[in-house]
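By convention in this document, chain letters (A, B, ...) are assigned in the order of the sequence lines, proteins followed by strands, and residues within each chain are numbered from 1.
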There are 2 protein chains.
Amino acid sequence: MSGMKQDTVTPTEGEEWAAAARVALEREGHRSGGARDTVIELLAAAGGCLEAEDVAEQLRSQGQRVGTASVYRALALLSELGLLERVAVGSSAARYELVLADGGHHHHIVCDDCGETVPFSDGRLESAVHGLAAPAGFEIRAHEVTLHGSCPGCRG
Amino acid sequence: MSGMKQDTVTPTEGEEWAAAARVALEREGHRSGGARDTVIELLAAAGGCLEAEDVAEQLRSQGQRVGTASVYRALALLSELGLLERVAVGSSAARYELVLADGGHHHHIVCDDCGETVPFSDGRLESAVHGLAAPAGFEIRAHEVTLHGSCPGCRG
DNA sequence: GTTCCTGCAAAGGTTTTGCACCATA
DNA sequence: TATGGTGCAAAACCTTTGCAGGAAC
């Protein structure tokens with residue numbers, strides 16, 4: 001038995017993340033008011049774990065007229081600033097996770113049959129990863145763990 | 001300090017893997033003699049960690065006339081049979097790793113600046129991963145760890 | 001001879017880029 | 001008004017699929 005638990009981003013954490021994102025963007029001299037802001041709001045509300053197309057789709061279903069390219073550009077910029085982590089889970093599209101101020105984050109288990117992706121977190125795993133010594137001259141800045149298997153529905 | 005070390009597949013391990021692959025394919029009723037065999041040979045010699053395009057390119061530079069689709073089909077079949085693991089490391093193309101009989105495998109550290117990918121293995125990390133309890137009803141069959149950072153060349 | 005495998009070409013899905021227009025500062 | 005951001009469209013990239021010809025059993 002390990003310390004694994006379902007990890008969720010609370011509404012409060014989401015709003016704090018959005019505030020930090022806005023501050024970081026302003027500090028870097030970026031303008032506010034456009035599509036990027038709505039991407040930030042949506043990510044904060046959803047708590048991350050979205051594909052680019054999810055973001056675009058959900059914004060459009062809210063009545064926003066947002067171009068796919070703008071979504072990708074916003075996600076790329078936020079990733080560069082260290083506010084998002086782009087995770088290539090599964091075989092298709094990448095997902096974006098909030099990078100929270102307290103360093104708390106989660107990983108993913110993917111059903112290889114249906115593609116369902118479920119987040120989890122585990123303290124012992126984090127300890128093991130942080131104990132890693134980087135190979136020759138590398139500087140480690142982030143890590144990503146993906147489990148593969150079958151979900152309850154596909155396991156029959 | 002942890003048990004991390006550079007992990008390489010020895011020529012002997014590679015040949016054993018190729019033999020196992022040929023046995024598995026015959027057992028499943030697949031024919032031999034075509035492009036798939038050369039893909040197996042190349043993977044065994046290279047020790048894995050190749051992208052589909054690498055495989056196609058290297059075969060062509062050996063004078064083989066091989067279609068990209070055949071390479072992808074071979075890689076997909078070998079993955080289905082559990083002889084390869086498809087890993088989505090970095091942002092672009094997937095890489096394929098040999099699944100060795102002794103269960104030994106490695107993970108990857110990626111330079112987010114230049115894309116260089118270096119394999120590593122670590123015993124303590126493996127223990128931590130195997131100690132994980134799967135979320136509700138999931139059955140874990142494989143895992144994948146990717147570190148992100150900067151390589152010596154890009155760290156300046 | 002039948003079935004599977006192959007190469008080529010075309011299509012599919014994801015992500016990036018070019019460009020003209022608009023909004024922010 | 002100068003700059004950066006945006007939407008749209010087209011391109012680039014990785015991967016899969018359709019198909020006719022060829023190879024293995």
Side-chain angles (χ1 to χ4, degrees), chain A residues 21-42 50-81 84-96 112 115 117, chain B residues 21-22 24-42 50-81 84-96 110 112 115 117:
Chain A
R22 283 187 286 261
V23 167
L25 287 172
E26 187 175 358
R27 176 172 17 87
E28 299 280 323
H30 292 284
R31 298 178 180 175
S32 68
R36 197 161 48 207
D37 283 7
T38 68
V39 170
I40 291 173
E41 284 308 317
L42 181 75
L50 296 176
E51 301 181 0
E53 205 50 53
D54 296 334
V55 174
E57 211 170 283
Q58 291 189 32
L59 287 177
R60 286 184 198 122
S61 78
Q62 291 174 13
Q64 307 269 356
R65 196 178 63 118
V66 44
T68 310
S70 299
V71 172
Y72 277 100
R73 283 188 276 238
L75 295 171
L77 176 59
L78 292 168
S79 300
E80 273 168 34
L81 295 179
L84 287 179
E85 189 181 357
R86 181 190 199 273
V87 294
V89 55
S91 44
S92 46
R95 285 173 187 272
Y96 293 82
D112 287 333
T117 300
Chain B
R22 283 187 285 262
L25 287 173
E26 188 176 357
R27 177 172 16 89
E28 299 279 324
H30 293 283
R31 296 177 181 176
S32 68
R36 197 161 47 207
D37 284 6
T38 69
V39 170
I40 291 174
E41 284 308 319
L42 181 76
L50 296 177
E51 300 182 0
E53 205 51 52
D54 296 334
V55 175
E57 212 170 281
Q58 292 189 31
L59 287 177
R60 286 183 198 125
S61 77
Q62 290 173 13
Q64 307 269 357
R65 197 178 62 116
V66 44
T68 311
S70 299
V71 171
Y72 276 101
R73 283 188 276 238
L75 294 172
L77 177 58
L78 292 168
S79 299
E80 273 167 34
L81 295 179
L84 287 179
E85 189 182 358
R86 182 190 200 274
V87 295
V89 56
S91 46
S92 47
R95 285 172 187 272
Y96 293 82
V110 185
D112 287 333
T117 299

Search all heavy atoms of [X] against all heavy atoms of [Y] and return the closest pair with its distance.
X       : Y       : value
A:Val66 : A:Ala56 : CG1-O, 4.1 Å
A:Ala52 : A:Val71 : O-CG1, 3.6 Å
A:Ala88 : B:Ala88 : O-CB, 3.6 Å

Where the side chain of A:Arg22 meets the backbone of A:Asp37, is there a donor-acceptor pair that is under 3.5 Å apart?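 Not at all, since once roles are kept as given, no pair shorter than 3.5 Å links the two residues.
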Terminal helix-axis angle for the helix from C:dG1-D:dC25 to C:dA25-D:dT1, with five pairs defining each axis and rounding to 10 degrees: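 The helix from C:dG1-D:dC25 to C:dA25-D:dT1 shows an end-to-end axis angle of 30°.
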Rounded to whole Å, how long is the line connecting atom [atom1] of [X] with atom [atom2] of [N]?
X       : N     : atom1 : atom2 : result
A:Glu28 : D:dG5 : CD    : P     : 11 Å
A:Arg65 : D:dA9 : CZ    : P     : 11 Å
A:Leu25 : D:dG4 : CG    : P     : 15 Å
A:Ile40 : D:dG5 : CD1   : P     : 12 Å

Inter-residue atom distance [X].[atom1] - [Y].[atom2], 0.5 Å rounding:
X       : Y       : atom1 : atom2 : result
A:Thr68 : A:Arg60 : OG1   : CZ    : 4.0 Å
B:Leu77 : B:His30 : CG    : NE2   : 4.5 Å
A:Leu25 : A:Ile40 : CG    : CD1   : 4.5 Å
B:Glu41 : B:Arg36 : CD    : CZ    : 13.5 Å

Report the residues that fulfil side chain to side chain donor-acceptor pair (under 3.5 Å) with B:Arg73, sequence neighbours left out, ordered by chain and then residue number.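 Side chain to side chain donor-acceptor pair (under 3.5 Å) list for B:Arg73, sorted by chain: empty.
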The criterion is side-chain contact (heavy atoms from CB on, under 4.5 Å); which residues satisfy it with A:Thr38, sequence neighbours excluded?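 Partners of A:Thr38 by the side-chain contact (heavy atoms from CB on, under 4.5 Å) criterion, ordered by chain and then number, come out as A:Leu59, A:Gln64.
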With sequence neighbours left out, what residues match B:Thr117 under side-chain contact (heavy atoms from CB on, under 4.5 Å)?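 In terms of side-chain contact (heavy atoms from CB on, under 4.5 Å), with neighbours along the sequence ignored, B:Thr117 is linked to B:Val89, B:Arg95, B:His108, B:Val110.
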Describe the nucleic acid contact of B:Arg86 in one word from base, sugar-phosphate, nothing, applying a heavy-atom distance below 4.0 Å.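 Since only primed, P, OP1 and OP2 atoms lie under 4.0 Å of B:Arg86, the category is sugar-phosphate.
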Heavy atoms under 4.0 Å, any strand shown: does B:Ala94 hit a base, just sugar-phosphate, or nothing?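 B:Ala94: backbone/sugar contact only, no base atoms under 4.0 Å.
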Using only side-chain N and O atoms of A:Ser70, determine if any of them is under 4.0 Å from OP1 or OP2 of D:dG7.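 Yes, such a contact exists.
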For DNA chain C, note the earliest and the latest nucleotide, 5' to 3', having some atom under 4.0 Å of a heavy atom belonging to chain A.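 On DNA chain C, the outermost contacted nucleotides are C:dT14 to C:dA25.
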For nucleotides 17-25 of chain D, 5' to 3', base contacts (B), sugar-phosphate-only contacts (S) and non-contacts (-) with protein non-hydrogen atoms under 4.0 Å give BB----BBS
Could you say whether A:Gly29 or A:Thr68 is positioned toward the 5' end of DNA chain D, judged by the nucleotide with the nearest heavy atom to each?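 This one resolves to A:Gly29.
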